[in-house]
Amino acid sequence: MKSLRAKLLVLLTAAVLTAALVQSVAVFRNAMREADAVFDYHLQQIALSLATGELGLPGFGPRGHARDDLDYVFQVWAPDGQRIYVSRPRVELPDQAVLGYANVAVNGQNWRVFSMQAGGRTIQVAQPLLSRRALALTFALNSVWPMLLIVPLLLLVVAWVVRRSLAPLRALSTELENRAATSFDPLDPGAAMLEMRPVVRAMNGLFARTRQAFDAQQMFVADAAHELRSPLAALKLQLQMLERASDDPARRLAAQRLDAGIDRATHLVEQLLALARADSGGRETPASSSLTDAARQALADTLDLAQARGIDAGLEQAEERTVLAPPQGLRMLARNLVDNAVRYSPRGARVDVRVREQDGKVLLEVDDSGPGIPAADRPRVFDRFYRRADAPPGGSGLGLAIVRSVAERSHASVELLDSPLGGLRVRVSFPRPS
């Protein structure tokens with residue numbers, strides 16, 4: 001049953017009906033017991049009235065006259081055992097009276113009998129059990145029938161209470177349905193019922209994360225459109241120069257420039273896609289990933305570029321360490337660090353990669369012997385598309401932005417330090433997995 005309203009109605013209706021049934025059975029049985037007690041008391045009072053003479057006995061004798069339609073039968077015996085009175089001669093009851101209460105069967109009919117002795121005489125009062133139980137049943141049903149009227153009223157009250165209780169949920173649903181797709185304003189938890197406040201707070205958290213992702217997406221689209229405009233314009237210009245070239249040397253130079261422009265545009269697009277994946281990395285489940293394997297893969301991916309530039313790039317220290325991070329994001333982080341070091345170092349430079357543990361942290365360090373980054377510029381190089389004025393050509397200004405995005409999602413920190421090789425050291429510190 002997927003409907004909360006239907007589930008509440010079914011469960012509460014079942015509870016009301018069960019309680020009404022139990023109550024009705026208890027009232028019915030109690031009423032039957034009370035009726036039996038009242039009828040027994042009535043038998044005793046009739047016998048006492050006969051004994052004191054308060055109740056007149058018509059035709060006091062063995063053949064006395066009495067109405068046959070009375071529920072009660074009276075018999076009186078003299079001290080010598082002679083029956084001196086019977087109210088209904090045609091009803092045969094036992095001649096031997098058992099003092100007190102007793103159930104007797106006469107000619108297939110059951111009787112409730114009370115007998116007592118008074119003044120030497122034995123007095124017996126009897127009542128048919130069938131008539132007695134019919135009266136008791138009527139009394140018991142009269143005690144139960146009000147419950148039959150109350151149950152429908154209770155069910156109506158239950159339906160009203162359920163509808164009233166779910167009204168705030170319907171109001172919240174209506175408010176969410178009427179919201180614009182770009183509206184991320186938080187809901188007011190104080191206006192919700194106590195049980196709904198955790199849900200409202202969770203939704204507000206979702207709205208905040210969605211707003212953040214939406215803003216980041218808008219920023220990414222705007223930045224990408226701005227950054228792609230320049231390389232595309234340069235490609236168009238280089239293509240025009242190729243078309244206007246008058247001799248083979250000019251055409252070869254224009255083709256080389258066009259090829260370099262295509263490489264730069266390709267690299268920019270790859271970095272933009274990598275940044276988009278890093279920003280959406282929250283959808284990738286963090287797992288125990290090998291940082292050492294990610295470093296080896298990053299060196300393998302940049303091997304061709306390093307060889308083309310004559311750069312000595314290698315894994316100087318490779319302790320087998322794992323960190324809690326998205327595997328794809330971890331590989332992206334390591335590749336961008338190594339690619340930046342190789343791309344911005346001069347020809348013949350050196351790039352060292354280390355994976356080690358220190359002070360309870362798992363470290364990934366990339367050192368290069370390039371020009372480094374001045375301390376004043378280091379806080380800004382993590383901004384998207386930021387490039388220093390004296391930066392070598394060919395970059396996109398996205399590498400360290402990607403590194404920081406992945407690091408933040410992995411609860412790691414990134415530091416830019418001076419390298420013993422004379423250039424820049426980038427250190428990423430991961431929490432050690434517990």
Side-chain angles (χ1 to χ4, degrees), residues 270-271 274-275 277-279 281-282 284-346 348-373 375 378 381-382 395 398-434:
E270 289 176 351
Q271 291 293 79
L275 181 61
R277 287 194 296 269
D279 286 340
E284 189 179 0
T285 303
S288 182
S289 307
S290 173
L291 183 59
T292 310
D293 289 346
R296 291 193 183 102
Q297 185 63 45
L299 286 168
D301 291 342
T302 56
L303 178 61
D304 291 342
L305 179 62
Q307 290 178 345
R309 296 177 58 81
I311 292 177
D312 179 16
L315 194 60
E316 292 298 311
Q317 186 175 355
E319 298 180 7
E320 292 296 333
R321 292 290 181 263
T322 59
V323 294
L324 190 62
Q328 182 178 355
L330 189 63
R331 291 192 294 270
M332 192 187 309
L333 178 146
R335 179 180 177 180
N336 272 278
L337 288 180
V338 177
D339 183 81
N340 277 0
V342 172
R343 188 177 297 275
Y344 295 128
S345 295
R350 178 179 172 184
V351 174
D352 291 342
V353 180
R354 293 181 180 81
V355 177
R356 61 192 181 93
E357 184 173 339
Q358 177 179 311
D359 299 331
K361 298 285 187 179
V362 179
L363 306 180
L364 171 63
E365 295 177 336
V366 179
D367 288 282
D368 64 63
S369 58
I373 298 177
R378 289 177 183 177
V381 294
F382 291 103
L398 292 175
L400 289 178
I402 295 172
V403 170
R404 184 176 63 175
S405 178
V406 175
E408 288 176 350
R409 296 183 184 279
S410 304
H411 305 287
S413 60
V414 184
E415 299 176 271
L416 301 182
L417 308 169
D418 293 328
S419 171
L421 299 180
L424 180 70
R425 166 176 286 183
V426 182
R427 174 185 292 168
V428 185
S429 304
F430 295 88
R432 184 173 60 182
S434 56

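Bear in mind that the values here come from a model prediction, so they are computed numbers and not experimental data. In this chain, residues are counted from 1 in sequence order.
Here the shortest heavy-atom pairing between Ser289 and Pro327 reads OG-CG, 3.5 Å. Nearest heavy atom pair, residue Ser410 against residue Pro431, reads O-CD, 4.1 Å. For Ala412 against Phe430, the heavy-atom pair with the smallest separation is CB-CD2, 3.6 Å. Closest of all the heavy-atom pairs between Ser345 and Val351 is OG-CG2, 4.4 Å. Taking all atoms of both residues into account, the shortest heavy-atom contact from Val323 to Pro433 is CA-CG, 3.8 Å. Heavy atoms only, all atoms of each residue included: Leu299 and Ala313 are closest at CD2-CB, 4.1 Å.
Atoms CZ and CD, on Arg356 and Gln317 in that order, are 6.0 Å from each other to the nearest 0.5 Å. Gln307 contributes atom CD, which lies 10.0 Å from atom OG1 of Thr302 (distance to the nearest 0.5 angstrom). Between the CG atom of Leu305 and the CD1 atom of Ile311 there is a distance of 6.5 Å, given to the nearest 0.5 Å. Atom-to-atom distance recorded for Arg432:CZ and Thr322:OG1 is 11.0 Å, nearest 0.5 angstrom. Atom CG in Asn336 sits 9.5 Å away from atom CZ in Arg343 (nearest 0.5 Å).
Taking Ala318 as the reference, Thr292, Arg296, Leu315 meet the side-chain contact (heavy atoms from CB on, under 4.5 Å) condition, with sequence neighbours excluded. The salt bridge (Lys or Arg N to Asp or Glu O under 4.0 Å) check on Glu408 picks up nothing, with sequence neighbours excluded. Under the side-chain hydrogen bond (donor to acceptor under 3.5 Å, both in side chains) criterion, Asp352 pairs with Arg350, sequence neighbours left out. Residues meeting the side-chain hydrogen bond (donor to acceptor under 3.5 Å, both in side chains) test with Glu415, sequence neighbours left out: none. For Arg309, there are no salt bridge (Lys or Arg N to Asp or Glu O under 4.0 Å) partners two or more places apart in sequence or in a different chain.
With no hydrogens or angles considered, a side-chain donor-acceptor pair links Asp301 and Gln297 at under 3.5 Å.
You'll find the side chain of Leu364 reaches within 4.5 Å of the side chain of Val353, heavy atoms only. Within the 4.5 Å cutoff, the side chain of Leu363 has no heavy atoms near those of the Val355 side chain.
Within the structure, the side chain to side chain donor-acceptor pair (under 3.5 Å) test picks out the following pairs touching residues 418-429 (sequence neighbours left out): Glu365-Arg427, Asp367-Ser419, Asp367-Arg425, Arg378-Asp418.
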